[in-house]
Amino acid sequence: MLETPTALLIDGTWRTEASGGWLRLIEPATEQEWHRVPAAGPAEIEEAVAAASRAFREADWAGASPRQRANVLFRLAALIREHVEDLAVIESRNVGKPIADSRDEVLAGATCMEFYAGGISRFGGETIPVAGAGFDFTLRVPVGVVAAIVPWNFPFLMACWKVGPALATGNAVILKPASLTPLTALALGKLAMEAGVPPGILQVVPGRGSEVGDALVGHPLVRKIAFTGETATGAHLLQVAAPDIKRVSLELGGKSPYVIFADADVEAAAKAGPMSVFANTGQDCCARSRVIVEASVYDRFLEAYVAATQAIVIGDPLDDATQIGPLVSAAQRERAERYIALAREGGGRVLCGGERLRRPGYYLTPAVIDGLPSGSPVCQEEIFGPVACVMPFESEPEAIALANDTQYGLSGSLWTNDVTRALRVARAIETGVLSVNTNSSVHIEAPFGGFKRSGMGRDLGMEAMRLYTEVRNVFISLPRESH
Ligand code: NAD
């Protein structure tokens, strides 16, 4: 049984008290307090950054052989797999996430560690034929101290997406989980130490972003910020990081399109559609919340889409049958409810959902809304709750225009059985990832990230290893031998 650490991990030791007070963790399914975790204040951030900087220079991590680092990451993956059930239960109770989803995410975290462990020996520089007389090559060197700041919707997985490639490339990482969901990040820190990650090379400092964010991001010894969260927070971080020209990668919000052409398998699209937006109770940056349907099949699609939405099993996160659980907090549920009220005021039809359940927990049934113009705030802003807007279109150019009529550009789905149309429309939709005739667009092996205000840089795949390294070019003069 994995004991849940409820302390800060700084320089290899657990701190049961910290200067930022306490984070009270409320279980979303019961509305009861479950744990208290000390919150880092600026003093602990200072200590963690100093320890990371020291460890980066002195611990044999960046300098360890690629095989040694890979072995540690493979051991970490094995430990994650060994504790999958415990980690999944912690995640489900902390976030309100269905246990089946939590298991998948924990296992994906292990796969992520394995991918980057394997990537270490495949990631290097190149030799370049330059004009001068000599030998020119590049090295990929770690950036140094990395601050990894992650959100509450996929706490363990987002932590692994950042920690995996950052450790693989030899950096020292300070992981700051969201204040609502620090537990599995702390567990990751514990397992990493067990696996042999040296003290100070991975530290975990729960804390409120508003109180410690600037201290961490603005610290001169932190060279790289890897952030996942809201667009507004990302924009703020960029400003704080600007004076020191820090490396910043941002995975931000989304308002993703779900486009159905009349030539598609409309029933399959309608059946798959609801979980593309309501999974994780809509608290998903990839949520396909702008449903854009060709007018000739609009009614048929909508009827099946609403029926599939109403068939979703809502319930206790720890029940294997549950497909969606409560929202993460009272505030997050109220936010979704405000948008549903706004939809009604704006003349939208709420075709189903938007109701609380008569039981404890921040439950809200998934809402499908139509009759709103694309420019409505309900169709434009990231709600991060179980709300989908459905809109009709008449022509392919109109479908593309609607898909792109948002400030975001993270992901999306396109349903058509016409392969030339699929290729044409996929090229025209402005998103970092797009799936055709499916909702699956996140693969550990492939780059993931957004266009426009959805972010910059790419997590996952070998792309992510670039994020955590600098390129050094070396030229060795080779004068011709004189005879
Ligand atoms: P958030 O921006 O409120 O918080 C994210 C993290 O940033 C937390 O750890 C938080 O404590 C920290 N933070 C807050 N203010 C900060 C500051 N001033 N300085 C430094 N750190 C600060 O986001 P959230 O509500 O936790 O997460 C939801 C958001 O995350 C949504 O917008 C969602 O779309 C986005 N998200 C994006 C992806 C992606 O890959 N693109 C994945 C998951 C979530």
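Values below: all heavy atoms of this structure, side chains included; hydrogens, waters and symmetry mates excluded. First listed ligand is number 1; within each ligand, the first listed atom is number 1.
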Tell me which one of [options] gets a heavy atom nearest to [atom].
atom	options	result
atom 14 (C) of ligand 1	L460, I225, T233	T233
atom 39 (C) of ligand 1	A148, G207, G209, C285	C285
atom 30 (O) of ligand 1	G229, S329, A331, C286	G229

Between the side chains of [Y] and [X], is the shortest nitrogen-to-carboxylate-oxygen separation below 4.0 Å, so that they form an ion pair?
X	Y	value
D316	R359	no
R247	E470	yes
K452	E430	yes
E105	K97	yes
E381	K255	no

Close-contact set for ligand 1 against [X] heavy atoms, below 4.0 Å:
X	answer
H236	18 (N)
N153	43 (C), 44 (C)
P177	9 (O)

Give me the nearest non-hydrogen protein atom to [atom] as residue plus atom name, then the distance to 0.1 Å.
atom	result
atom 5 (C) of ligand 1	T228 O, 3.6 Å
atom 27 (O) of ligand 1	P151 CB, 3.2 Å
atom 10 (C) of ligand 1	K176 NZ, 3.8 Å
atom 9 (O) of ligand 1	V150 O, 2.8 Å
atom 28 (C) of ligand 1	F384 CE2, 3.4 Å
atom 12 (C) of ligand 1	I149 CG2, 3.6 Å

Report summary line: Residues at least two apart in sequence or cross-chain that pass salt bridge (Lys or Arg N to Asp or Glu O under 4.0 Å) with R335, listed by chain then number, are none

Query raised in the report: Which bit of L252 is near ligand 1, meaning a heavy atom under 4.0 Å away: side chain, backbone, both or neither?
Result: backbone

Query raised in the report: Between L410 and ligand 1, which residue portion shows a heavy-atom distance shorter than 4.0 Å: side chain, backbone, both, or neither?
Result: side chain

Requested in this report: Over 60° means perpendicular and under 30° means parallel, so classify the ring planes of F384 and W152, tilted if in between.
Outcome: perpendicular

Does any N or O of ligand 1 fall below 3.5 Å from an N or O anywhere on [X], backbone included?
X	value
W152	yes
F448	no
W161	no
E230	yes
E382	yes

Answer yes if the side chains of [X] and [Y] hold a donor-acceptor pair under 3.5 Å, and no otherwise.
X	Y	result
R453	T231	no
H236	D214	yes
R93	T4	no

Report task. Look at atom 41 (N) of ligand 1 and say whether a protein heavy atom is found at less than 4.0 angstrom from it. Result -> yes

Query raised in the report: Ring centres of F154 and W161 under 6.0 Å apart?
Result: no

Report summary line: Residue set satisfying side-chain hydrogen bond (donor to acceptor under 3.5 Å, both in side chains) with T111, at least two apart, ordered chain then number -> R81

